[in-house]
Amino acid sequence: MPQKTITLNMGPQHPSTHGVLRLIVELDGEVVRGIEPVIGYLHRGVEKLAEEETYLQVIPHSDRLDYVAAMHNNMAVCHAVERLMGVEIPKRADYTRVLAMEIQRLASHYLALGTFGLDLGALTPFFWCFRDREYCLELLEDLSGARLTYSYFRFGGVRFPPPPNFKEKVRRYIGHWKEGIAQVEEVLTDNDIFRVRTEGVGYLDPKIAVNYGCTGPMLRGSGVDFDLRRAEPYSVYPELDFAVCTGTGKGDTFSRYRCRLDEMQQSLRIIEQAIEKLPDSGDYINPKIGEGAKQNRVKPPAGEVYARIESPRGEIGVFLVSKGGDQPYRLHFRSHSLSNLQVIKHLAPGQKIPDLIATLGSIDIVLGDIDR
Amino acid sequence: MSDLVAAFRSRAGGLVVAEGKQLDKPSLTVRPDALGDALRVAHEVGFDHLACLTGVDYLPGTPVEIKSGPDAGKVPKEDGRIEVVYNLYSLSARQHLVVRVKLPRENPEVESATGVWKGADWLEREIIDLYGVKFRHHPDPRRLFMPEDWTGHPLRKDYDGTKEQFINTADGKDVVSFTPGSGW
């Protein structure tokens, strides 16, 4: 008897697709035979808008790309412009940036792990992760004034210096986070049902991961220990001591989960070191560029640059072509989630639907960054 | 650690028409018909990570560099090419190579990189959609972000964004047209 397949539409509005992603799945019973992701529902034309705006006006647009890890988007744009201009960042600004980025990495991984557990049916760690994420957002609000889309970074530094009680607040919250991570470990990592549902599921071969352009925990979970903070260091990461995490190295969804959890522990290490080394006084923005309206008149010299950083989900890059004016000629955002999501066409066939959901959750995509 | 760029030059040097720099990275311009071979050689030599694949539209008549003052009128004008830029990287050797092609804007066509890097699939579909570049032997050359029947390529500099296009539903299917329709 010929195999008949049905076409199932996991439409753009779906609780488990992590955003407005449409998956057209060809099913044979409960087994996936073919999958086609359809994107573009969140396409806002950010790259076209950037050609009509000054560099400062691009920063709030960059916030809204990977909106779960907005600090890193800001950093990518500022990194590209600063490399073209060849400016130095004052130490106080650099350490504030690293603190902001690592606290943001914690917040982003909490969301990734919480929603991953939720996709598999675990409700409790979802609430615990979001409770701990509130500490992160509170600290980032103290720094920048906003909880999700900060526009905190400026060319040559940051918008505001850390408030006076910031250091002791962070030290207090580190204790909360350590307790929270231990709780999540107890409920997920030590949970037999979670292990059975994630170990061996969604195996991604490292060579295929590299060929698809995967970066971040997708790549490191398959055993390739490549982290841009070590391979192409930026900011003050060379002065900080942390390890590159590869999960269990086995390439399945459990390895990627483990990689994110270990990265959170390393982020805590970085935060502890950065808090000790953060200068209490000094410039928080390069005085040659200045703050306020002077940022709006930033004019990088003519040239082309591709600058990339390690965001919680992978490599965010900014390809910038400048003609010497105050508006970029071409600004392209290299999206981590776009390259990571393509792998689903390779991983899905042969899986059952619940495994497909687990795999999609472990890829950890943000549609804002895919569609731009 | 061997110099992968030198290895590339020794094997594919004949395909290169111009050399330059992208800030601090070596940038090699190849002939459009030779791009497929150049990318295959780069992959064999050790550039296993396609970090960034993007297009740039240099609109004819615009200045090459924005200068103010008395030199402003003497700046040469762009030739109207569409460039496709490949940022390649070797994960193990940690070396960069930038490969680019310059295509005519009337009929920009080049070979697809999907035979070498599977990840080039959607990256090229984005350029097909937003720039109108044709990639030969691409397994699925459809638009990526815009609706299937959209007119024009939005990221081109001469795209007319003032002519608004509307998506209306007729008989359960979405149809893109220039007429507003009756709305909801």
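If you're wondering where the values come from, they're calculated on a predicted model, not measured in any experiment. Within every chain, numbering begins at 1; the chains are lettered A, B, ... in the order of the sequence lines, protein sequences first and strands thereafter.
Contacts between B/Asp140 and chain A at a heavy-atom distance below 4.5 Å are absent for every atom of the residue. Looking at B/Val85, only its side chain comes within 4.5 Å of chain A, counting heavy atoms on both sides. Of the atoms belonging to B/Tyr89, it is side-chain heavy atoms, and not backbone ones, that fall under 4.5 Å from chain A. Only the side chain of A/Thr215 comes within less than 4.5 Å of a heavy atom in chain B; its backbone stays farther off. Within the 4.5 angstrom heavy-atom criterion, only side-chain atoms of A/Val321, from C-beta onward, approach chain B. Contact of A/Glu36 with chain B is made through the side chain alone, with heavy-atom distances under 4.5 Å. If you measure heavy-atom distances from B/Leu50 to chain A, the contacts under 4.5 Å come from the backbone alone. For B/Asp48, the parts lying under 4.5 angstrom from a heavy atom of chain A are both the backbone and the side chain.
Using a 30° and 60° split on the angle between ring planes, A/Tyr237 and A/Tyr234 fall in the perpendicular class, above 60°.
Chosen from A/Leu338, A/Asn211, A/Asp371, the residue pairing most often with chain B at heavy-atom distances under 4.5 Å is A/Asn211. The candidate with the highest count of non-hydrogen atom pairs below 4.5 Å against chain A, out of B/Val116, B/Leu144, B/Leu123, is B/Leu144. Annotation: maximal heavy-atom pairing with chain B below 4.5 Å, among A/Glu51, A/Lys299, A/Glu304, A/Lys207, occurs at A/Glu304. Of the listed residues B/Glu126, B/Lys25, B/His43, B/Lys157, the one with more heavy-atom pairs under 4.5 angstrom with chain A than any other is B/Lys157. Ranking A/Arg308, A/His43, A/Gln342 against chain B, the residue ahead of the rest is A/Gln342, based on heavy-atom pairs under 4.5 Å. The greatest number of non-hydrogen atom pairs below 4.5 Å with chain B, out of A/Tyr41, A/Tyr306, A/Phe319, is found for A/Tyr306. Of the residues considered (B/His96, B/Met146, B/Arg143), B/His96 shows the highest number of contacts with chain A, using heavy-atom pairs under 4.5 Å.
Residue B/Ser27 holds its OG atom at 6.5 Å from CD of B/Gln22, rounded to the nearest 0.5 Å. Atoms CD and CG, on A/Glu315 and A/Leu228 in that order, are 5.0 Å from each other to the nearest 0.5 Å. To the nearest 0.5 Å, atoms CD1 (B/Ile127) and NE2 (A/His332) are separated by 7.5 Å.
Annotation: B/Lys21, atom NZ; neighbour count of heavy atoms from other residues, nucleotides and ligands within 6.0 Å is above 12.
Under a cutoff of 6.0 Å and an axis angle of 45°, B/Arg94 and A/Phe226 do not form a cation-pi pair.
Look at A/Arg330 and B/Glu83 and you find no salt bridge, because none of the NZ, NE, NH1 or NH2 atoms lies under 4.0 Å from a carboxylate O. A salt bridge does not link B/Arg156 with B/Asp158: every distance from a Lys NZ or Arg NE/NH1/NH2 to an Asp or Glu carboxylate oxygen is 4.0 Å or more. Ionic pairing of A/Asp364 and A/Arg256 is not present here: no N-O contact between side-chain nitrogen and carboxylate oxygen is shorter than 4.0 angstrom. Remark: A/Arg83 engages B/Asp24 in a salt bridge, criterion side-chain N to carboxylate O under 4.0 Å.
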